[in-house]
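Everything on this sheet refers to the single structure shown next.
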Amino acid sequence: MKQQLEAIRAIALDAILGTEQAEELESLRVKYLGKKGELTAVLKQMGKLSPEERPVIGQLANEVRSKLEQSIEQRAQELQAKALERKLRAETVDVTIPGSVQKIGKKHPMYQVLDEIKDIFVGMGFEILEDREVELAEYNFTKLNVEEGHPAREWSDTFYFTEDSSILLRTQTSPMQIHAMESRSLPIRILAPGRVYRKDEVDATHSPMFHQIEGMAIDKGITMADLKGTLNEVVRQLYGAHTVTRFRPHHFPFTEPSCEMDIQCHKCLGKGCPTCKGEGWIEVLGAGMIHPKVLEGCGIDSAVYSGWAFGMGLERMALGHFKISDLRLIFENDVRFLEQF
Ligand code: PHE
């Protein structure tokens, strides 16, 4: 029996030291020290021993039991410490690793310019309006004094929806003038940005879809001086107080008199350079006093009321503002381009 006990002690201690998991250790405890365990099985045979042998073997059995209990306890602590270390290692955060950069979207350069222009007009008491893109020819042309047969109504320039040329994609934001005059009470001060469409091939300065900003003011006693004063103030707020403008006579069917406004080239200050194509000036908008015929057509007494209107190309403003050389960049939405603004 003595040999049996010593064999159990040797084998069990070996096994205990070899455990790597808490569960393994527990099953060893059951195997050797449990009620049906090997040590208990040996002790059950104590009755067969002689009275002299009994205390000797009993003492040895107790020694083995407490030795095994001790080693199991010690191994349990070691395993716990190991497990903790493993956990800490696995959960380590390296605070020196550089963070991953989150890309944040930005406002499109054209909308940056549009929002600036809107803000300036709102500051002057104008209301912002957005109008329809699918229009009746009546509003896009006829009521704007562009009669049937006028070259601007050609199928080669305009996207028509119907054979009878009555419904189209607006070619300008000017039909907004008619809608506003027909539906609002006077005085009117509105700014209406939006998309317009013309049958143009895409190149560095053309696109079949582009944006215009239409502005209009109608009241008693409004003159060309109000138009010039307003537009001068807008470009000075937009480009700085030193900005020089000039107004050239022009023709539009729906304004009389009509003009175009140029801004002196910011690069060469009027001398002529590649940016202004040698002109010294950059054309930015068309404008004029609303034609009495147009006012009357909308039921406004042109003897009492007068007004001005202008239409400006938004893309051209953005190209100039950010010194972008090609219109296509505005529409391609290449992130590498957009990120620069
Ligand atoms: N609609 C004109 C164009 O597209 C611009 C304009 C608007 C001119 C208002 C005069 C008054 O060219």
Side-chain angles (χ1 to χ4, degrees), residues 114 117 121 126 128-133 135-147 150-154 156-159 168-182 188-200 205-219 222-232 234-235 245-263 282-295 297-298 300 302 305-317 319 327:
L114 174 59
I117 294 172
F121 276 95
F126 281 70
I128 310 291
L129 190 111
E130 276 191 34
D131 214 349
R132 66 212 76 181
E133 290 173 27
E135 244 327 330
L136 295 174
E138 196 189 341
Y139 283 80
N140 194 82
F141 294 128
T142 316
K143 285 174 178 254
L144 285 163
N145 200 25
V146 182
E147 315 262 332
H150 190 287
R153 301 180 73 136
E154 294 277 331
S156 56
D157 300 326
T158 303
F159 292 102
L168 46 76
L169 281 172
R170 66 177 175 190
T171 61
Q172 50 184 354
T173 42
S174 298
M176 149 288 213
Q177 295 180 28
I178 308 296
H179 288 298
M181 284 188 253
E182 284 184 349
I188 295 175
R189 272 184 190 75
I190 46 179
L191 189 79
R195 279 184 274 269
V196 300
Y197 304 84
R198 290 180 197 174
K199 280 189 184 165
D200 282 325
T205 53
H206 291 88
S207 159
M209 186 281 290
F210 56 102
H211 295 73
Q212 285 187 335
I213 308 177
E214 193 87 5
M216 179 173 80
I218 305 175
D219 204 345
I222 288 211
T223 68
M224 193 90 182
D226 296 306
L227 171 66
K228 290 177 73 173
T230 306
L231 292 176
N232 276 333
V234 170
V235 292
T245 59
R246 80 174 178 193
F247 292 79
R248 277 180 294 105
H250 199 74
H251 170 77
F252 297 104
F254 39 92
T255 46
E256 182 57 37
S258 304
C259 62
E260 278 188 331
M261 184 177 89
D262 299 338
I263 293 180
I282 299 165
E283 179 205 317
V284 291
L285 57 82
M289 299 304 292
I290 302 171
H291 200 296
K293 210 170 150 187
V294 174
L295 290 172
C298 297
I300 295 173
S302 64
Y305 284 97
S306 55
W308 54 249
F310 72 83
M312 109 171 67
L314 181 51
E315 281 82 1
R316 182 173 295 183
M317 296 299 279
L319 295 186
L327 177 63

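We count ligands from 1, going down the list as the structure has it; atoms in each ligand are counted the same way. Being a predicted model, the structure only gives us computed values, none of them experimental. Scope of the values below: all heavy atoms of this structure, side chains included, with no hydrogens, waters or symmetry mates.
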Using a 3.5 Å cut-off on N or O atoms only, is [X] in polar contact with ligand 1?
X: Arg198; answer: yes
X: Thr171; answer: no
X: Gln172; answer: yes

The one among Ala152, Ala309, Ser258 that brings a heavy atom closest to atom 11 (C) of ligand 1: Ala309
Proximity winner for atom 7 (C) of ligand 1, if only heavy atoms of Cys259, Ala287, Gly311 are counted: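 Looking at heavy atoms only, Gly311 sits closest to atom 7 (C) of ligand 1.
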Which of the ligand 1 atoms, numbered from 1, are nearer than 4.0 Å to a heavy atom of Gln177: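 Near Gln177, meaning under 4.0 Å from one of its heavy atoms, ligand 1 has 9 (C).
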Test log, rule side chain to side chain contact (heavy atoms under 4.5 Å, CB included), inputs Ile213 and Phe121: CA-CA 11 Å; Ile213 308 177; Phe121 276 95; 5.9 Å; no
Can you tell me if [X] has a non-hydrogen atom under 4.0 Å from ligand 1?
X: Glu214; value: yes
X: Gln212; value: yes
X: Phe254; value: yes

Side chain to side chain contact (heavy atoms under 4.5 Å, CB included) partners of Asp157, counting only residues at least two apart: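 Residues passing side chain to side chain contact (heavy atoms under 4.5 Å, CB included) with Asp157: Glu154.
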Under-4.0 Å heavy-atom contact with ligand 1, by part of Met176 that carries it: neither
Phe310 and ligand 1 - part of the residue with a heavy-atom distance under 4.0 Å: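 Backbone only.
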Whether Tyr197 and Phe159 hold their rings parallel, tilted or perpendicular, with breakpoints at 30° and 60°: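 Plane angle over 60°, so perpendicular.
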Sidechain-backbone polar pair: Asn232 side chain, Gly229 backbone, donor-acceptor under 3.5 Å: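 Flag not set: sc Asn232 to bb Gly229 has no pair under 3.5 Å.
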Nearest-neighbour protein heavy atom for atom 12 (O) of ligand 1, which is reported as residue plus atom name and distance: Phe252 CE2, 3.8 Å
Residue pair Gln212 / Gln172, side-chain donor-acceptor N/O under 3.5 Å: no
Arg153 versus Thr171, side-chain donor and acceptor atoms under 3.5 Å: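 Not at all, the side chains of Thr171 and Arg153 share no donor-acceptor pair under 3.5 Å.
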Pair Phe126 and Phe310, ring centroids less than 6.0 Å apart: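 Ring-ring flag for Phe126/Phe310: false, centres at least 6.0 Å apart.
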Ion pair check, Arg316 and Glu283, cut-off under 4.0 Å: yes
